[in-house]
Amino acid sequence: MPELPEVEVTRRQVVPLLVGRRIAAVHTTRPSYFFVTPPATLKRRLTGRVTTAVARHGKYLLAALDDGARVLLHLGMTGQLYGSGVSSVRLLSSTAGATLSPEEQESAPGPDRHTHLRLAFDDGGRDLLFRDTRKFGKVAWLAPGASDPRLDKLGPDALGVDGALLWTASRRRTAPVKTLLLDQGVLAGVGNIYADEALFGAHVRPTRSARRLTRAECDLVAVEIRRVLLRSIETGGSSISDYVRPDGSDGGYQDERQAYARTGERCLRCAEGVIARRVIGGRSSHYCPRCQH
DNA sequence: AGACTAACCTGAAAGC
DNA sequence: TGCTTTCAGGTTAGTC
């Protein structure tokens, strides 16, 4: 679920649930490496606080608190952040402003053994739930004025990427261009789906050594990264491998995919190539051998 | 520094 | 049917 577009969609959904509301209680699971800040500390620091804003950088969310501290959140591979009573699947696949039917509200995954953080508020309204099956997600409390090494080493947000950045970063790299795009220290926010989609859009094969890119190709890849990410945000992000809703209407970026997880299918652009799959840097990669060079 | 691998976890799906 | 293997949208620590 979580690359830049999904995190941004989540951010927008979470803002009204969090901003301006006073935290009355904090419920957690037992200590695990999900908690960069131990649960007990988290409870002490968050109880009584009001969130003033929720920002995003790459795949990280940053909630600013009224005492100057911040909370850093990462969804990892399976993290979901949503309000109690509303299905997160519905949230991620719906377009902004869509209303929820009673059945959909009832389908909300309530707190369970994978709900590692739950915030209750003093207005008695909906709780904020953070579920994460695989626990690759992270939550950290940052003292006022303090940063975090995870944040410090991120490159610029991928929505602001330009050809010059990719050109500079690619010059000394012999590794595949796909690996470059996934390096959060170069640009923050692109993950496996959107790396494949952007490279497809730019006609660049993901296996190509980064340093073999021309300047013009860097410009094109940058344009495609921005286009693909913005379009995905517009459509509510991707929910591949999530179930299809009973009523059939799902929307979402997974329907606009050209390459990712289309192994063996006909290329939608040239209509002759067949989408190939290869492992690059430990991640499965998808491309058209005929029109990506 | 850059490039690879393994590891962190859980669950669904495919393979036998 | 049931057991085993493979795979998954991410990041980090360790090695060469």
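Chain letters run A, B, ... following the sequence lines, proteins first and then strands; every chain starts at 1. We use all heavy atoms of the structure for the numbers below, so side chains are in, but hydrogens, waters and symmetry mates are not. Note that this is a predicted model, so its numbers are computed, not measured.
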- Rounded distance (Å) that lies between atom P of C:dC7 and atom CD1 of A:Ile193: 17 Å
- Message: Between A:Arg231 and A:Glu256, does any side-chain N to carboxylate O distance fall below 4.0 Å?
- Response: yes
- Would you say A:Pro38 and A:Pro31 make side-chain contact, with heavy atoms under 4.5 Å? no
- How is A:Ser284 classified with respect to the nucleic acid when contacts are heavy atoms under 4.0 Å: base, sugar-phosphate, or nothing? sugar-phosphate
- Rounded distance in Å - CG (A:Leu61) to C1' (C:dG10): 14 Å
- Using modelled atom types only, decide if a donor and an acceptor are shared between the side chain of A:Ser285 and the backbone of A:Arg283 within a distance under 3.5 Å. yes
- Output all residues satisfying side-chain hydrogen bond (donor to acceptor under 3.5 Å, both in side chains) with A:Arg226, sequence neighbours left out; order by chain, then residue number. none
- Under the criterion side chain to side chain contact (heavy atoms under 4.5 Å, CB included), which of A:Val204, A:Leu199, A:Val190 is the partner of A:Lys178? A:Leu199
- Query: According to the ring pair (Phe, Tyr, Trp, His ring centres under 6.0 Å) rule, which pairs have a member within residues 171-198 of chain A, sequence neighbours left out?
  - Reply: A:Tyr194-A:Tyr253
- Task: Could you tell me which residues satisfy side-chain contact (heavy atoms from CB on, under 4.5 Å) with A:Arg211, sequence neighbours excluded, listed by chain and number?
- Result: A:Thr174, A:Ser209
- Considering residues at least two apart in sequence or located in another chain, which fulfil the side-chain contact (heavy atoms from CB on, under 4.5 Å) criterion with A:Glu265? A:Arg262
- Message: Just the rounded figure in Å: distance from C1' of B:dA1 to CG of A:Asp183.
- Response: 12 Å
- Strand DNA chain C in bracket notation, Watson-Crick/G-U under 3.5 Å with | for pairs to another chain: .|||||||.|||||||
- Query: What distance separates A:Arg171 CZ from A:Leu213 CG, expressed to the nearest 0.5 Å?
  - Reply: 6.5 Å
- Query: If you measure from the C1' atom in C:dT11 to the same atom in B:dA12, how many Å do you get, rounded?
  - Reply: 22 Å
- Message: Can you build the contact string for nucleotides 11-16 of chain C? Use B for base contact, S for sugar-phosphate-only contact, and - for no protein heavy atom under 4.0 Å.
- Response: SS----
- Using the test salt bridge (charged side-chain N to carboxylate O under 4.0 Å, His left out), find all partners of A:Arg269 that sit at least two apart in sequence or belong to another chain. none
- Query: Looking only at atom C1', what distance separates B:dG11 and C:dT12, rounded to whole Å?
  - Reply: 23 Å
- Task: Rounded to the nearest angstrom, tell me the gap between atom CG in A:Leu154 and atom P in C:dG10.
- Result: 14 Å
- Task: Give every residue pair that meets the side-chain hydrogen bond (donor to acceptor under 3.5 Å, both in side chains) criterion with at least one member in residues 21-45 of chain A, sequence neighbours excluded.
- Result: A:Arg21-A:Asp123
- Query: Taking the six-membered ring for Trp, are the ring centroids of A:Phe136 and A:Phe34 within less than 6.0 Å of each other?
  - Reply: no
- Query: Whole Å only: how far is the OH atom of A:Tyr33 from the C1' atom of B:dA6?
  - Reply: 12 Å
- Query: Transitive ILVMFWY cluster of A:Leu151 at side-chain heavy atoms under 4.5 Å: who else is in it?
  - Reply: A:Tyr60, A:Leu62, A:Leu72, A:Leu142, A:Leu154
- Message: For the P atoms, the ones on B:dC9 and on C:dC3, what distance do you get once it is rounded to whole angstrom?
- Response: 25 Å
- Item | d(CG, A:Asn192; P, C:dC7) in whole Å | 13 Å
- Task: Describe the nucleic acid contact of A:Arg211 in one word from base, sugar-phosphate, nothing, applying a heavy-atom distance below 4.0 Å.
- Result: nothing
- Separation of A:Arg277 atom CZ from C:dA8 atom C1', in whole Å? 10 Å
N/O-N/O pairs, protein side and nucleotides 10-14 of chain B side, under 3.5 Å:
from	atom 1	to	atom 2	distance (Å)
B:dG11	OP1	A:Arg113	NH2	2.4
B:dG11	OP1	A:His114	NE2	3.1
B:dG11	OP2	A:Arg113	NH2	3.3

- What pairs with A:Pro111 under side-chain contact (heavy atoms from CB on, under 4.5 Å), at least two apart in sequence or on another chain? A:Thr115, A:Arg118, A:Leu129
What N/O pairs connect the protein and nucleotides 2-5 of chain B at under 3.5 Å? Give each pair on its own line.
from	atom 1	to	atom 2	distance (Å)
B:dA3	OP1	A:Thr174	N	2.6
B:dA3	OP1	A:Thr174	OG1	2.9
B:dA3	OP1	A:Ala175	N	2.6

